[in-house]
2 protein chains.
Amino acid sequence: MTTDRKTTTIQDVARIANVSTATVSRALSAPDKVSEGTRARVSEAIRATGYTLNQAGRSLRQRSAKTILVAIPDIRNPFFSLILDAIEREAASRGFGVLVLNLYFGHETVRRLQDFLLSNRADGLLLLDGSVDMHMLRELAEQAAEIPLVVACEEIPNSGFHTVLTDNVEAAERATQHLIDLGHRKIAHLVGPDHNVVARERLVGYLKALNRAGLPALPEWQLRGNFDMESGFAASARFLGVADRPSAVFAANDEAAIGFLSGLRNHGLICPRDVSVVGFDDLGVAAHYAPPLTTMRQPRETLGRMAAEALIDLVENPGVIAAPLRIVLRSELVVRESTSRAQIQVTAKAAEIVAS
Amino acid sequence: MTTDRKTTTIQDVARIANVSTATVSRALSAPDKVSEGTRARVSEAIRATGYTLNQAGRSLRQRSAKTILVAIPDIRNPFFSLILDAIEREAASRGFGVLVLNLYFGHETVRRLQDFLLSNRADGLLLLDGSVDMHMLRELAEQAAEIPLVVACEEIPNSGFHTVLTDNVEAAERATQHLIDLGHRKIAHLVGPDHNVVARERLVGYLKALNRAGLPALPEWQLRGNFDMESGFAASARFLGVADRPSAVFAANDEAAIGFLSGLRNHGLICPRDVSVVGFDDLGVAAHYAPPLTTMRQPRETLGRMAAEALIDLVENPGVIAAPLRIVLRSELVVRESTSRAQIQVTAKAAEIVAS
DNA sequence: CGGCCGCATGTAATCGATTGCATAAACCAA
DNA sequence: TTGGTTTATGCAATCGATTACATGCGGCCG
């Protein structure tokens, strides 16, 4: 209706409502400080002009951007999309925008993060990453000591950062235990990337479970990979070459598991008849894969929501949180059809090994 | 090193470098307008103070936020993540930030978009959506006539918006044709959601292919769904109930295809022996599904990149693009193992139908 | 030698909203 | 009535960077 050739400012509203800009501003951000009549006039003037607040002006004055920065190692990874979704919902409900940033490595990355944070484009940082190198983080922490920061999905030991995550060690242990409970005695693990904290934790959990059950943990059963389907696929070839082939595999994530299963099938092996496989994450496709994938479900929505909540709390009242926050969520084993009881002869054979 | 209790401003840099703020500003944004010596002193002062530019100040003055807004119908949908990734890369390389916004429906959504755009938080809008209702768009277009807008993935007829998309009709036709070429004569279609333009286009392509081949297009072969696995799964049950059961299915997207396949398997049918299925999108999992999925691959990275490019061009020099831009990309049929030649008897039967 | 040009830099207004302080009006209690 | 308190509002400074305009200076040409 109104032409907005020139953006309408708070001045225009003030003029039309016959009040000062201060009053308009107050009518918007502290309505109880202006009288009812004035408030009505201001509302009317706003409607008439089609005024929208200029965030840049407000940001400049208030030193806050009403925006959080979400740094993601790889947006393409479907694991993150649910989390991002939850973050966006939570942020939106609290009036915050969400800037996303793909993390590449090297200190160029740090510069970009800094740029956003120190330049008042974002009020806080939500770091979704299991692969940040320490150098980078130290730099970031030094330069941005005052900046609200929450790390999600991942633990950065001794960092003192606020953290929202799942207990990967424990969950990996339970996933492995599930295979043990089914009678498997030789269990391989598709390990995630070396530099990834989460991958390392899952490896630890896997080893703990084996250890506790008194089962062997041969190094050649640890198949290195990359958290993606291709590397899972590649791992399957190596798996076939292992001398004393395991009857079960715990994959560090669902993508690797799926790639692995796809590779197995290529080689004529059938899951779960020949090999049981348990994944991690419960991606959407897990329930509809062939076979439906047994996996550890991370509470991704909750994780994203709580991380965003914590970060925004931090932004809104800085300093109230004394001790570093540490929220640990529990993952849930979802048993589907990619795991089954070990064959008898396998169990017997394993028993010998254990006995020796 | 330096304590940044008080943010350092351009004033601080100016004082230390012994120049005016104007010179510092110029040294940063138009280096060739200051002498070499001065430039060096400014650089040194910047380094010494650890200065970073305050984007809010710049935005306010320049009326630009160096940020684009990407509106996504559903971030969780893995189809969008690759596109978002490409957008983010392109934007980053041109110094732009990316704000993401989940689209919900109703006019609340429009208000949120407007808020971002009119409040100078974002300079332009990239709309990734096949489900925007017309009412919303009309409103948006009216209120934000001056705002750079690029629609990706989707065509909004007669809108005059800049558009980057694939030819869904043609691609759907080719996907269907692939099934026809394999000898299938009764071909069902998993239709996407009603309100979705893309879904409608793919339906049209499917019908065109059938029509051109002189094949029947029974209404009960059009199984309505929602672009997600659950609805594909649900569709499989209805599919089994169809009287004269088709030997092939063209699914409007890979997720529906996967859900459908999962349902088929539940009912004891084997793909492609009993039913051939072709999907759309080529999600990452398609290649590793069981069976690997035949599908139309959309050039998602290219699409995202080009859309971002176009939008940022528009933002950076408004008005230079006279006619509405319209970029149409070609999809590519990826043949894998979920489609195979129709059984002889099916072909014969279909021939009768055709003849009748 | 004088006038003109252009380069490097400075001065100060400006972008739009917020907010500390001042002021005026209204209200209340004594 | 008066002094004091509360409430509503206005004035003007402020956030930090950009930029139109002004200035001064050196060089060049006639």
Side-chain angles (χ1 to χ4, degrees), chain A residues 4-43 45-46 49-67 95 115-121 123, chain B residues 4-43 45-46 49-67 95 115-121 123:
Chain A
D4 48 2
R5 309 180 56 85
K6 294 294 164 206
T7 47
T8 75
T9 76
I10 205 173
Q11 321 267 357
D12 304 324
V13 176
R15 187 157 15 80
I16 295 190
N18 239 319
V19 293
S20 72
T21 61
T23 301
V24 176
S25 176
R26 281 188 284 252
L28 285 171
S29 46
D32 50 326
K33 299 191 111 189
V34 315
S35 72
E36 197 177 340
T38 311
R39 211 183 316 150
R41 283 213 312 290
V42 170
S43 302
I46 288 177
T49 53
Y51 167 78
T52 48
L53 175 146
N54 181 321
Q55 182 65 34
R58 169 182 279 185
S59 288
L60 178 57
R61 179 64 220 238
Q62 295 194 326
R63 299 149 172 279
S64 86
K66 280 282 195 179
T67 299
D115 262 15
F116 276 93
L117 294 168
L118 300 176
S119 73
N120 200 354
R121 293 179 82 164
D123 304 320
Chain B
D4 47 3
R5 308 180 56 86
K6 296 293 165 208
T7 48
T8 76
T9 77
I10 205 173
Q11 320 267 355
D12 303 324
V13 175
R15 188 159 11 84
I16 294 192
N18 237 319
V19 293
S20 72
T21 61
T23 300
V24 176
S25 176
R26 280 188 285 253
L28 285 171
S29 48
D32 49 326
K33 299 190 112 191
V34 315
S35 72
E36 195 177 343
T38 311
R39 211 183 315 149
R41 283 213 312 289
V42 170
S43 303
I46 288 176
T49 54
Y51 166 78
T52 48
L53 175 143
N54 182 321
Q55 182 65 34
R58 169 182 281 183
S59 289
L60 178 57
R61 180 63 218 242
Q62 294 193 327
R63 299 149 170 281
S64 86
K66 280 282 194 177
T67 299
D115 261 14
F116 276 94
L117 293 167
L118 301 176
S119 73
N120 201 353
R121 293 177 83 163
D123 305 321

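Residue numbering restarts at 1 for every chain, and letters A, B, ... go by the order of the sequence lines. No hydrogens, no waters, no symmetry mates; every other heavy atom, side chains included, goes into these values.
B:S119 pairs by the side chain to side chain donor-acceptor pair (under 3.5 Å) definition with nothing, not counting sequence neighbours.
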| Which nucleotides of nucleotides 10-20 of chain D have their base under 4.0 Å from a protein heavy atom (B), which only their sugar-phosphate (S), and which neither (-), written as one string 5' to 3'? | BB-BBBBSBBB

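Between the side chains of A:R121 and B:T67, a donor-acceptor pair is found at a separation under 3.5 Å.
Rounded to whole angstrom, the span from the CZ atom of B:R121 across to the C1' atom of C:dA17 amounts to 15 Å. Spacing between atom NZ of B:K33 and atom P of C:dC7 amounts to 10 Å, rounded to whole angstrom units. The CG atom of A:D32 sits 9 Å away from the P atom of D:dA8 (whole-angstrom rounding). Between B:R15 atom CZ and C:dT9 atom P there is a gap of 19 Å when expressed in whole angstrom units.
At D:dT7, none of the side-chain N or O atoms of A:S35 fall inside 4.0 Å of OP1 or OP2 (strictly under the cut-off).
Here the straight-line distance linking atom OG1 of B:T7 with atom CG of A:N120 works out to 8.0 Å at 0.5 Å rounding.
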Donor-acceptor pairs under 3.5 angstrom involving side-chain atoms of residues 16-23 of chain B: please list them, not counting sequence neighbours.
from, atom 1, to, atom 2, distance (Å)
B:S20, OG, B:A22, N, 3.4
B:S20, OG, B:T23, N, 3.3
B:S20, OG, B:T23, OG1, 3.3

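Between B:L28 and B:I46, the closest side-chain pair of non-hydrogen atoms falls below 4.5 Å.
B:R39 and B:V34 make their closest contact through NH2-O, 3.4 Å (heavy atoms, listed as atom of the first residue, atom of the second, distance).
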